[in-house]
Amino acid sequence: MIRRTAVLSLALLSVVGLDACRRKVVQAPAPVAAGNDAQRQADSLAALRAKQRADSIAAAEAAQRAAAEQGTATTELAAVLTQKVYFDYDQDVLRDDARAVLDAKVPILLANPGVSVAITGHTDERGTAEYNLALGQRRAAQVKRYLTSKGVADARLTAQSLGDSQPAVQGTDESAYQQNRRAEFQPSGGGALVRPRS
Amino acid sequence: MLLPTLRRALAALLVAAPLVAQDTTSRGVRIGLTYDPGTKPGVVLLPVSGARGDSIRAIVQRDLDLGDRVNAIVLDGSAAQEAARASGPNWPLLARLGAAAAVALTPTPSGVHLAVYNVATKQTALVKDFPSSAAPDSRAWRAALHRISDELEEAFTGVRGISSTRVAFERGRRIWVVDSDGEGAMPVSEPGTPISPAWHPNGSTIAYASYLPAGISVLDLASGRSRTLVNGPGVFISPIFTPDGGSVVYAHGVDQGVDLYIASLSGGGGRRLSVGRGSDNVSPSFSPDGRRIAFMSGRAGHPEIYTMDADGTNVDLLTPLAFGENPYRASPDWSPDGRLVAFQSMIAGNFQILTINLRDRSLKQLTSDGRNEDPSWAPDGRHLTFVSTRTGSRQLWVLDIESGRTRQLTRGAAVRLPAWSPRLGAE
């Protein structure tokens, strides 16, 4: 009796014990009085608890996977939302590559109505500071106009020029100038981003 | 303070010389005195007594030199000793140096005593006291000496000097000012994103634009405090005061291009002036009479200079429409005499400073070395300051458009967007 009590205690301990401990108990040799009812009850209880535990671990792992997938989604979608668009010299016309970049943002913005986006327009350093502020505004406004034409609510988008004050790269060659003639996107609000239903 | 007697005497002296150029008779130029460097009246600044004598003399001598209107004759050591030995003006020495006039500055307990001598007549032409209680070497002390210099220039040439002026500019995301002789450079605004400073006609306040957050502000120089005049979504650019000082004209746009607006300093927000139809219209500059505004517009597809009435009507293209690769004209500044508009134009891949004559639209290129931008006229209408990269970094330079003489005004960290002040009164 004393031994049985000890085995039962061990079994009960196992359900609250550590994973390694649980495995040790399950793998332990069958108790001496295997045919005993109390022993069977204890064994089934231990198995039930073990299964519950395994299930909860699986659930936790699934939740973790879902969260990871959600995190991945948010990261991926945010990367699309913040992808820059580029312009030709002294132009605010949206090139084909710029339209493609904006088209990729539209379904994400429509699927996440809580998200607002601050659009900033930038220029290269070649013009005057004053004209470049105007040109940057025209670029930001052009981008905003395109997005609203695709159904994104006007109130969710702001357009502001920073002119030539914040170059993406330093340099005085066309490669640097091209990288600086751009619109940037700063999403905010809405929490985790959800993928648009395809 | 004009000195007809002295000027007539100087004029007579110059007219008497056989090789003197004829009177140009253009406005502001006195009979017999021309801006030809060869005919600038020679002026000797006599040695100044007292502990600060050398400083006083150096400052005024430099002012007269930078004014480009008189020949400030430098006394070498022996001449200075000779001049100092005499109790009054040493007439033979002055005549030998080619001086038309001599200036004696005497520090007094209450300021500086000024005497001007006409060398040809050997008579005293001007006597005046300049009271000043400023501590020696302070900004106010220097300012008091600059006023003496400006009065001397007016006496000699009929046109007041520009020593009592300052230049505002942007450096390191603050508005700075520097005296016109390059001294006393200092920040006057809080850090932020201020650009495009512009002086109020009375010299007491500076308007500027900011882009983060966007708006137009007015900075009181005495207190150092700024207040926002207009702000909101979109962009606010290039403010200037109306000639009456009551309003600010600036560029603003949100979604439909950028246009020129006007806002009263007493409030009420902005009212649109230009009709750019989606194009960019920035960098306004008033004609001296306040009737017209020169500005830069992209309405023709690339930046050019236009003029319009102050109410936005009667728009004219000012610069001749250019063809070729990337024509780009910008940053107009109307000269104080109303005859010229200075601007920058893309020439062979670099910006250069030009003027266009409003009467015959003739162009004159003033720079060719490095990238040169953002011209701003001095109140005398013959000096321009602008940004140049000729020595590497962006610094302010001053050009005398009559003689072509050029000097560097700022040193140190890069600068942009200068604005020359009106003539400033006593502080």
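Naming convention: chains lettered A, B, ... in sequence-line order (proteins, then strands); numbering from 1 in each chain.
Among A:A140, A:S165, A:G136, A:G163, the residue with the largest count of heavy-atom pairs under 4.5 Å with chain B is A:S165. Between chain A and the options B:G257, B:S238, B:A330, B:G298, heavy-atom pairs under 4.5 Å are most frequent for B:S238.
The parts of B:A214 that come within reach of chain A are both its backbone and its side chain, each placing non-hydrogen atoms under 4.5 angstrom from that chain. Heavy atoms closer than 4.5 Å to chain B are found nowhere in A:T158, neither backbone nor side chain. The parts of B:Y211 that come within reach of chain A are both its backbone and its side chain, each placing non-hydrogen atoms under 4.5 angstrom from that chain. Interface remark: B:V235 contributes backbone and side-chain atoms alike to the contact with chain A (heavy atom separation under 4.5 Å). Interface residue B:Q344: only side-chain heavy atoms are found under 4.5 Å from chain A.
Atom CZ of A:R126 and atom CE of B:M346 lie 7.5 Å apart (nearest 0.5 Å). Atom CG of A:L133 is separated from atom OG of B:S196 by 7.5 Å, given to the nearest 0.5 angstrom. In this structure, OG on A:S161 lies 6.5 Å from CD1 on B:I237, to the nearest 0.5 angstrom.
Of all heavy-atom pairs spanning B:G278 and A:R138, the tightest one is O-CD, 3.5 Å. Contact between B:R173 and A:Q166 at its shortest, heavy atoms only, is NH2-CG, 4.1 Å. Of all non-hydrogen atoms in A:Q160 and B:G234, the two that sit nearest each other are CG-O, 4.3 Å. Heavy atoms only, all atoms of each residue included: A:Y131 and B:P303 are closest at CZ-CG, 3.8 Å.
For A:E174, the CD atom counts as densely surrounded, since its 6.0 Å shell holds more than 12 non-hydrogen atoms of other residues, nucleotides or ligands. Surrounding CD of A:Q52 are more than 12 heavy atoms belonging to other residues, nucleotides or ligands, all under 6.0 Å away. Summarising the local packing, CG of A:D96 is surrounded by 12 or fewer heavy atoms from other residues, nucleotides or ligands at distances under 6.0 Å. Surrounding CZ of B:R271 are at most 12 heavy atoms belonging to other residues, nucleotides or ligands under 6.0 Å away.
Of the possible donor and acceptor atoms, one in the side chain of A:Q137 sits under 3.5 Å from a partner among the backbone N and O of B:V254. Between the A:R145 side chain and the B:D255 main chain, a donor and an acceptor come within less than 3.5 Å of each other. Checking side-chain atoms of B:Y328 against main-chain N and O of A:T128 turns up a donor-acceptor pair under 3.5 Å.
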